[in-house]
Structure formats: structure tokens, C-alpha cells
Enquirer: 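After the C-alpha cells below, expect a handful of questions from me.
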Amino acid sequence: SAVISQKPSRDICQRGTSLTIQCQVDSQVTMMFWYRQQPGQSLTLIATANQGSEATYESGFVIDKFPISRPNLTFSTLTVSNMSPEDSSIYLCSGAWGDGYTFGSGTRLTVV
Amino acid sequence: AQSVTQLGSHVSVSEGALVLLRCNYSSSVPPYLFWYVQYPNQGLQLLLKYTTGATLVKGINGFEAEFKKSETSFHLTKPSAHMSDAAEYFCAVSGYGNKLVFGAGTILRVKS
């Protein structure tokens, strides 16, 4: 199965700033997804990153807050914009192909 | 659309006892079903998955799950719990090539 390298693994950011998270896959994947896992919670899908077109966002998530890029079939970024303490979470990317999914190791974000 | 219900946010068993974690799903397409485990401060690890074929699926660490279409269930079992099984377990559902939707998670506690 594919391997996803996600970075940074963790960061502490000031409120009002933005952080961009990167995911690199070692092979081409048809679909990539971005999830948020708030403390003590399950994984919530933020958006599906589509290659060459705008991401598809789930209810409650908007492009202005979480802009996503997917320039090719092996790379995607998620930006958390204008951060507040409520954005403190783990963010994970995932790649899908066929009947399988692989996850990055996650970015643990703390906003102070 | 897909959804997952995990019955019981916390399950406690004695070491050596049967582990049963319940998962019911809803899917408008033939489902792909997954169980993931997450240890504290670690990423997601795939335990097992069902896509097609045999409905009894064996995974890592002695876990198995049975897909029951008539009951829309995919319960996870292990005959004998070990202390190292203490973790949070997530059931998830998708359709082919679709986004993966997670349940709320079940925290398994193993008592000595």
C-alpha cells in the first residue's frame, strides 16, 4: 500500500495566523481526503481534495477557512486560516485507491 | 450516503475475556467496512476490512469481524483480551472510491 508523509507533525501557532499542512504520497492515488480529530473525538471529514479542481467541502467547513490544494495525484495541502484556539486538533490526510485507504501520521495543532 | 453507529463509547473487559465491539452501518451502496485502532497519541492502524467475498474477516492481533448484511452490522471480536488491546477503536464505512465515514469510536479498557 501507499505511504503518506505528512508534515509538520506538530505545531504551536498564534491565534490569527495560518498554518499549511502538506501530504506527499509515494504513489498516485485517485482521491485524497482531509480529516480533523478534535480532542477526545472521532475523525470528521473536512473535504475531498480533487486533482485539478476545487475541493469538495463537507457541511460546516468552508474554503475560506480551510483552503486545499491538489496540484497532482501525489500531493495535497490543507491550510488552516485565521486560527483560533477552537482549531486546536489533529489534522490527518488520507489517500484512497481501489478498496484501500492510507492515512498520514497526523499534524497535532495547538493554537494559543 | 454512509453513516456508522458504534454502540458503547466505553467498553471494559477483564484480561482473557471476550472482546465485542459493536458497529452498525448505513449505506446506499454496497459497503466497504473497516476497523481501525488508535493508541494514545498515535495514528490510525488498520485492523481489518471487508470489501467483497467472505463475510468473516480476520485481521491483525487476533481480531476478526463478520459482515452481516441483514443486520447491517460489522461487529469486532477477539476471543481473549490482552492488556495491550487497550485503545480506541473506530468503525468506518465507505463505498468504492468514496470518502470514508467514521463512527464515534469505542474506548476499550482491559482490566487485570
Side-chain angles (χ1 to χ4, degrees), chain A residues 1-10 21 23 28-51 55-61 68 70 73 76 88-110, chain B residues 1-10 21 23-25 27 29-55 57 59-60 67 74 87-109:
Chain A
S1 61
V3 175
I4 299 180
S5 300
Q6 182 173 345
K7 60 181 181 181
S9 59
R10 60 179 61 231
I21 302 167
C23 279
Q28 294 185 345
V29 294
T30 53
M31 302 181 78
M32 290 187 73
F33 307 94
W34 287 95
Y35 290 85
R36 180 176 73 182
Q37 186 176 25
Q38 294 179 300
Q41 304 288 320
S42 183
L43 283 79
T44 301
L45 182 65
I46 297 172
T48 301
N50 304 308
Q51 192 261 335
T56 304
Y57 289 83
E58 297 297 308
S59 175
F61 297 95
I68 287 170
R70 177 109 192 259
L73 292 176
S76 180
S88 297
S89 292
I90 298 172
Y91 293 86
L92 298 101
C93 62
S94 173
W97 65 98
D99 62 2
Y101 297 83
T102 294
F103 286 83
S105 54
T107 298
R108 184 179 295 272
L109 171 62
T110 302
Chain B
Q2 287 90 23
S3 67
V4 174
T5 301
Q6 291 184 240
L7 298 176
S9 59
H10 292 77
L21 304 183
C23 173
N24 288 90
Y25 71 91
S27 179
V29 298
Y32 290 178
L33 294 157
F34 304 79
W35 275 100
Y36 288 88
V37 61
Q38 186 176 42
Y39 297 97
N41 299 313
Q42 294 191 26
L44 287 172
Q45 182 180 10
L46 179 66
L47 279 176
L48 49 80
K49 66 180 180 182
Y50 167 81
T51 54
T52 59
T55 56
V57 180
I60 62 172
F67 169 58
F74 191 58
E88 187 161 19
Y89 293 79
F90 294 97
C91 182
V93 65
S94 76
Y96 178 87
N98 290 344
K99 60 188 178 184
L100 194 57
V101 177
F102 285 83
T106 297
I107 294 174
L108 176 66
R109 179 187 170 212

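Treat the numbers as computed from the prediction; the structure is a model and nothing was measured. Chain identifiers are assigned alphabetically (A, B, ...) following the order of the sequence lines, protein sequences preceding nucleic acid strands; residue numbering begins at 1 within each chain.
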Enquirer: Show me the donor-acceptor pairs, under 3.5 Å and distance only, between side chains in residues 39-50 of chain A and residues at least two apart or in other chains.
Expert:
residue: A:S42; atom: OG; partner: B:G103; partner atom: O; Å: 2.4
residue: A:N50; atom: ND2; partner: A:E54; partner atom: O; Å: 2.9
residue: A:N50; atom: ND2; partner: A:T56; partner atom: OG1; Å: 3.1

Enquirer: Just to verify, what does B:Y89 make a ring-ring contact (aromatic ring centres under 6.0 Å, His included) with, not counting sequence neighbours?
Expert: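 Counting only residues at least two positions away or on another chain, B:Y89 forms a ring-ring contact (aromatic ring centres under 6.0 Å, His included) with B:F63.
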Enquirer: Between the side chain of B:Q2 and the main-chain N/O of B:S94, is any donor-acceptor distance below 3.5 Å?
Expert: no
Enquirer: Using non-hydrogen atoms and a limit below 4.5 Å, what part of residues 35-45 of chain B faces chain A?
Expert: B:Y36, B:Q38, B:N41, B:L44
Enquirer: Scan residues 39-50 of chain B for pairs that pass salt bridge (charged side-chain N to carboxylate O under 4.0 Å, His left out), counting only residues two or more places apart or in two chains.
Expert: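 Only A:D99-B:K49 qualify under salt bridge (charged side-chain N to carboxylate O under 4.0 Å, His left out).
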Enquirer: Aromatic rings B:F102 and B:F90: how do their planes relate, parallel, tilted or perpendicular, breaks at 30° and 60°?
Expert: perpendicular
Enquirer: Would you check if the distance from the ring center of B:F34 to the ring center of A:Y101 is below 6.0 Å?
Expert: yes
